[in-house]
Amino acid sequence: MGLRIYNTLTRQKEPFEPLTPGQVGMYACGITAYDLSHIGHARSALVFDVIRRYFEFNGYRVVFVRNFTDVDDKIIKRAEQEGGSVGEVSERYIAEFQKDMESLGVLPADVEPKATEYIPQMIALIERLLGRGFAYVVNGDVYFEVGRFPHYGRLSGKNLDELLAGARVEVDERKRDPHDFALWKSTKPGEPSWESPWGPGRPGWHIECSAMSMEHLGESFDIHGGGEDLIFPHHDCEIAQSEAATDKPFVRYWIHNGFVQIHQEKMSKSLGNFFTVRDIFEKSPYGVQVTAEALRYFLLTTHYRSPLDFSDDALWESKRALDRFYGLFQRLDESSGAKGPGDRLLPPLFERLGEAFRQAMDDDFNTPAAFAQLQLLRGELNRLLETGLSKQAREQAREAFRSLGQVLGLCQLSFREWEFGIMHQVHATDAVAAAVEDKVDVRVSKESLTDVEIEQKLAKRNEARRRKDFATADTIRAELASLGITIEDRPDGTSRWKR
RNA sequence: GGCGGCGUAGCCAAGUGGCUAAGGCAGAGGUCUGCAAAACCUUUAUUCCCGGGUUCGAGUCCCGGCGCCGCCUCCA
């Protein structure tokens, strides 16, 4: 059936047909680098990361561009506050963003252009617009004249009359229409500026994405996306500028992700109700990889276009769901020497659930439905494990999760890297609060025993169990439990353990 | 005021005209176990915010309510 994508432009799902067979050009609006990224930024980055991974999973050659806005009012303001230069501020927060994305397992884009490195392209584009009569110059500023572009507002479904009716914009007397937007802003004292045919200044926000995307992907390309708040005015302005300049359709598929909310309210800097990605990692009682996977899982349990309510409880619920996967991976790793009566059932199982997984992802990247297939596969394998699977079959099973999980960036760790402990008895939020309050690093206490020491204690315990000395056995188990180590006894008298 | 979206079990969340409404988390009972843990089995929505309508048939389409959210200004 093939991939179908919900296109904001047409407000319906459409079959995906790339401009060039086998290739995909996609551009995602990245961050304005003036502060640490919050979970909302992470969601957006993750959504496009997964979309990109899924295209690659399907064998497309993808060119993925994600930009950085490194000059704008907020960065300038921040630089004034911090006493640094605009370049220092933006460089710092770009580095922080990249650090956060690496923690989260969001792959770097193929190109990560910065606005200030594309000034010549922007100037060229503005000149084109001036030459074609879509823009005008006023005292060193250049504005795009929205009235000249017949479809302005098509993406957001707005028209100029409606916009005016609800206008909350300050009317700038120099503009011919209140909705005309700046392509080039003349410099003010103390601000960074570049030379241009209209005097020193800096680019408007919208023009940078048009210039950078066309530079790397061409005047028409497949996919452009970002948070849903960018639909208007940002993306409508991009369409207007780009198409006015080229007379070509700018983008074929517009993809927008929904917001992260806190208590049913938009998470945003201006509302002050945000959690940074850094907060999550710092407060987490788990290591980076485990926290990242829990956060990824959480952010993908809701379809990308729906709002997603963030809470600690919901995040750690995702962690618990992942525990079940890694518990299975641990069992799959054990060499029991079983013959494997269930082996022949595996190929059709992988076939069926793998196909269902692809169908889910094909349906506008329906990650929640795709998760359901992985969970079904988990259940089936747990059952088959009881009937018996050969070592080879178990390796294939693990590989199936690795392969499908690759698309979502999940299930890639070894079970020894996963951390099961700590949250089993204690409520997640309490544990986090306790850890923060007591300044106790929970991870330290969990790692206070080496694998060898654990094995030694287990050997002592199982020796006691053989003597039916259950008091001693239970004492050892309690001791390990207090260190965040869980014991699971096997039927044959041996035991496995989890951190 | 204009535009758009959402309302499915205790919680999270798929499903957009047709077999018995996915899946997860949490809960309950059971199997296994010395006891646990894990896993497995059973169990949790005669019903999809409310009221009409279209249809042989609707959670799914239409109309009208109610509630919530977003955009219209920088914003992922």
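Every chain is numbered from 1, with letters handed out A, B, ... down the list of sequences.
- A donor N or O paired with an acceptor N or O is not found under 3.5 Å between the base of B:C72 and the side-chain atoms of A:K158.
- Shown here are the ring pair (Phe, Tyr, Trp, His ring centres under 6.0 Å) partners of A:W254, two or more places apart in sequence or in another chain: A:H224, A:H235.
- A distance-only check finds no donor-acceptor pair linking the side chain of A:D70 to the backbone of A:S90 [under 3.5 Å].
- Only the C1' atoms considered, B:C25 is 37 Å distant from B:C62, to the nearest whole Å.
- The closest side-chain donor-acceptor pair between A:N382 and A:R324, if any, does not fall under 3.5 angstrom.
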Review point. Going 5' to 3' along nucleotides 23-29 of chain B, which nucleotides have protein heavy atoms under 4.0 Å from the base (write B), which only from the sugar-phosphate (write S), and which from neither (write -)?
Key: SBSS---
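- On a pure distance criterion of 3.5 Å, no polar donor-acceptor pair joins the side chain of A:D229 and the base of B:C72.
- Listed nucleotides: B:A76, B:C71, B:G34. Nearest to the side chain of A:K266: B:C71.
- Checking B:U33 for Watson-Crick or G-U wobble geometry (two distances, each under 3.5 Å) identifies no partner in any strand.
- Nucleotide B:C3 has B:G70 as its partner under the Watson-Crick or G-U criteria, with both atom distances under 3.5 Å.
- Searching all strands for a Watson-Crick or G-U wobble partner of B:G59 with both distances below 3.5 Å returns nothing.
- Backbone-only contact: A:S156 has heavy atoms under 4.0 Å from sugar-phosphate atoms and none from a base.
- Side-chain proximity of A:D474 to the nucleotides B:G34, B:A76, B:C72 is greatest for B:G34.
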Please list each protein N or O that sits under 3.5 Å from an N or O in nucleotides 13-16 of chain B, with the distance.
residue	atom	partner	partner atom	Å
B:A14	OP1	A:H303	N	2.8
B:A14	O3'	A:N366	ND2	2.9
B:G15	OP1	A:N366	ND2	2.8

